[in-house]
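In what follows, a single structure is set out as structure tokens and then discussed.
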Amino acid sequence: MKGFAAICKIELRLFTRDFFNFFFVLVFPVLMLLLFGGIFGNTPIYDGAEVNMMDISVPAYAVMIIGVTGLMSLPLTLSGYKEKKIYKRFDATPAGKKSILAAQVFINLIMTLIGILILLIAGTIFYHIQVRGAFLSVCVSVLFSIAALFSMGFLFTAIGRDLKSTSLICYLFYFIMLFLSGATMPDMLFPDTVKRISGLLPMTYAVDLMQGVFAGDSLRLHGKELMVLGSVTAVCAIVGAALYRKKDWT
């Protein structure tokens, strides 16, 4: 346990030293909140609506944070370690490579939750956002979204032959999903063609789930989103694990 804690401490230090990770997980979502909050204000999403613009923007930006850690930070770090044969070095120690894998997932999970917490605090202070959903429902929606996007990142690492190819896959999927899922702007502004494309993206279901639950919906109303995210998690984890076993990635 002490060994795992030491590895986590090192991984946390490396995470915070990486400007991309630190900025886009902890700072950029708050800047997005302030930018669009300054443009639209925390006004109703339409005349007579009980939900305000910032109330639906905050859960969408929370998915953006999950996307950064799950689709960028985690897979690119794992791919870099794989390319540098760091796993092979850990296999020569009592800790083993599973410890560094677990530490990476744990640190990215913790930083994701910290980023979401900072976003919620900023939204509450500046725009008085309201989270109407039950605490347990909010936690379930966050964990389902994290599981789906983290498993996708794991699959991208397994698919990529090296850091460059993994980076290409991660950047491509991340930015496509970021702008077409409703994570950056409300999908109600999208034309019908874009909405049909967004329906094919896992991040869209994470955004819909988070926005619905934050607005007070019961999880029962979002069975489709939970099923899609759960299926993505299972498929990506199983296929990724199979590819890792097939390849000599140590």
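These numbers come from a predicted model, not from an experiment.
- Residues F179 and I65 share a single hydrophobic cluster, defined by chaining ILVMFWY side chains whose heavy atoms lie under 4.5 Å apart.
- A salt bridge is defined here as a Lys NZ or Arg NE, NH1 or NH2 lying under 4.0 Å from an Asp or Glu carboxylate O, and K82 with D162 fails to meet this definition.
- The cluster map of Ile, Leu, Val, Met, Phe, Trp and Tyr, joined by side-chain heavy atoms under 4.5 Å apart, puts L143 and I107 in different clusters.
- Here the closest heavy-atom approach between residue M185 and residue F190 is recorded as CG-CE2, 3.7 Å.
- In this structure, I7 and S99 approach most closely via the heavy-atom pair CD1-CB, 3.8 Å.
- With values rounded to the nearest 0.5 angstrom, L119 atom CG is found 9.0 Å from Y61 atom OH.
- Between F28 and M64 the shortest side-chain heavy-atom distance falls below 4.5 Å.
- Considering only heavy atoms from C-beta on, C170 comes within 4.5 Å of L76 through its side chain.
- Annotation for V30 and A122: closest pair CG1-CB, 4.0 Å, computed over non-hydrogen atoms.
- Between the side chains of T69 and T112, at least one donor-acceptor pair of N or O atoms lies under 3.5 Å.
- Under the 4.5 Å side-chain criterion, counting only non-hydrogen atoms from C-beta, L71 is not in contact with F173.
- Expressed to the nearest 0.5 Å, how far CG of N108 lies from CG of L113 amounts to 11.0 Å.
- The closest donor-acceptor contact from the side chain of T124 to the backbone of L120 lies under 3.5 Å.
- Judged by distance alone, with hydrogens and angles left aside, the side-chain atoms of T77 form no donor-acceptor pair with the main-chain N or O of L74 at under 3.5 Å.
- Residues M152 and C236 approach most closely at CG-SG, 3.8 Å, considering heavy atoms.
- For the atom pair CG of L180 and CZ of R196, the computed distance is 13.5 Å after rounding to the nearest 0.5 Å.
- Looking only at side-chain heavy atoms (C-beta outward), F214 and I56 stay at 4.5 Å or farther from each other.
- Side-chain N or O atoms of S137 include none that pairs as donor or acceptor with a backbone N or O of G133 at under 3.5 Å.
- Distance CZ/R161 to CD1/I169: 9.0 Å, rounded to 0.5 Å.
- With hydrogens and angles ignored, the 3.5 Å screen pairs no side-chain donor or acceptor of E11 with any backbone N or O of Q104.
- For the atom pair I146 CD1 and S141 OG, the distance stands at 9.5 Å (nearest 0.5 Å).
- Side-chain contact between M210 and V58 is absent, with no heavy atoms from C-beta onward closer than 4.5 Å.
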D55/R132 under salt bridge (Lys or Arg N to Asp or Glu O under 4.0 Å): CA gap, chis, key distance, verdict: CA-CA 9 Å; D55 291 344; R132 295 179 171 86; 3.7 Å; yes

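- Between the side chain of S165 and the backbone N or O of G160, no donor-acceptor pair lies under 3.5 Å.
- A donor-acceptor pair under 3.5 Å is formed between the side chain of T204 and the backbone N or O of S198.
- Put simply, the side chain of L33 reaches to within 4.5 Å of the side chain of Y127, judged on heavy atoms.
- The line from CG of D192 to CD1 of I197 is 11.5 Å long, rounded to the nearest 0.5 Å.
- Both L178 and Y171 are assigned to one and the same hydrophobic cluster, defined by single-linkage of ILVMFWY side chains at heavy-atom distances under 4.5 Å.
- Looking only at side-chain heavy atoms (C-beta outward), V142 and V213 stay at 4.5 Å or farther from each other.
- Hydrophobic clustering, with ILVMFWY side chains joined whenever heavy atoms are under 4.5 angstrom apart, keeps F135 apart from L226.
- Two residues are said to be in side-chain contact when any heavy atoms from C-beta on lie closer than 4.5 Å; S57 and M54 meet this criterion.
- Formation of a donor-acceptor pair under 3.5 Å by the Y205 side chain with backbone atoms of G199 is found in this model.
- Two rings, from F15 and F22, have their centers 6.0 Å or more apart.
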Between I66 and I116, is a side chain to side chain contact (heavy atoms under 4.5 Å, CB included) present by the stated rule, with each step listed? CA-CA 9 Å; I66 299 172; I116 293 174; 4.2 Å; yes

Where do V228 and E225 land on the side chain to side chain contact (heavy atoms under 4.5 Å, CB included) test, with the steps shown first? CA-CA 5 Å; V228 170; E225 287 81 4; 5.9 Å; no

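- The minimum heavy-atom distance linking C8 with F106 is given by the pair SG-CD2, 3.8 Å.
- Both F23 and L35 are members of a single hydrophobic cluster when ILVMFWY side chains are connected at heavy-atom separations under 4.5 Å.
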Apply side chain to side chain contact (heavy atoms under 4.5 Å, CB included) to residues V63 and S181 and explain how you reach the verdict. CA-CA 10 Å; V63 176; S181 65; 5.7 Å; no

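- D217 and H222 share a donor-acceptor pair across their side chains, judged by distance under 3.5 Å alone.
- Ring pair F24/F20: centre-to-centre distance below 6.0 Å.
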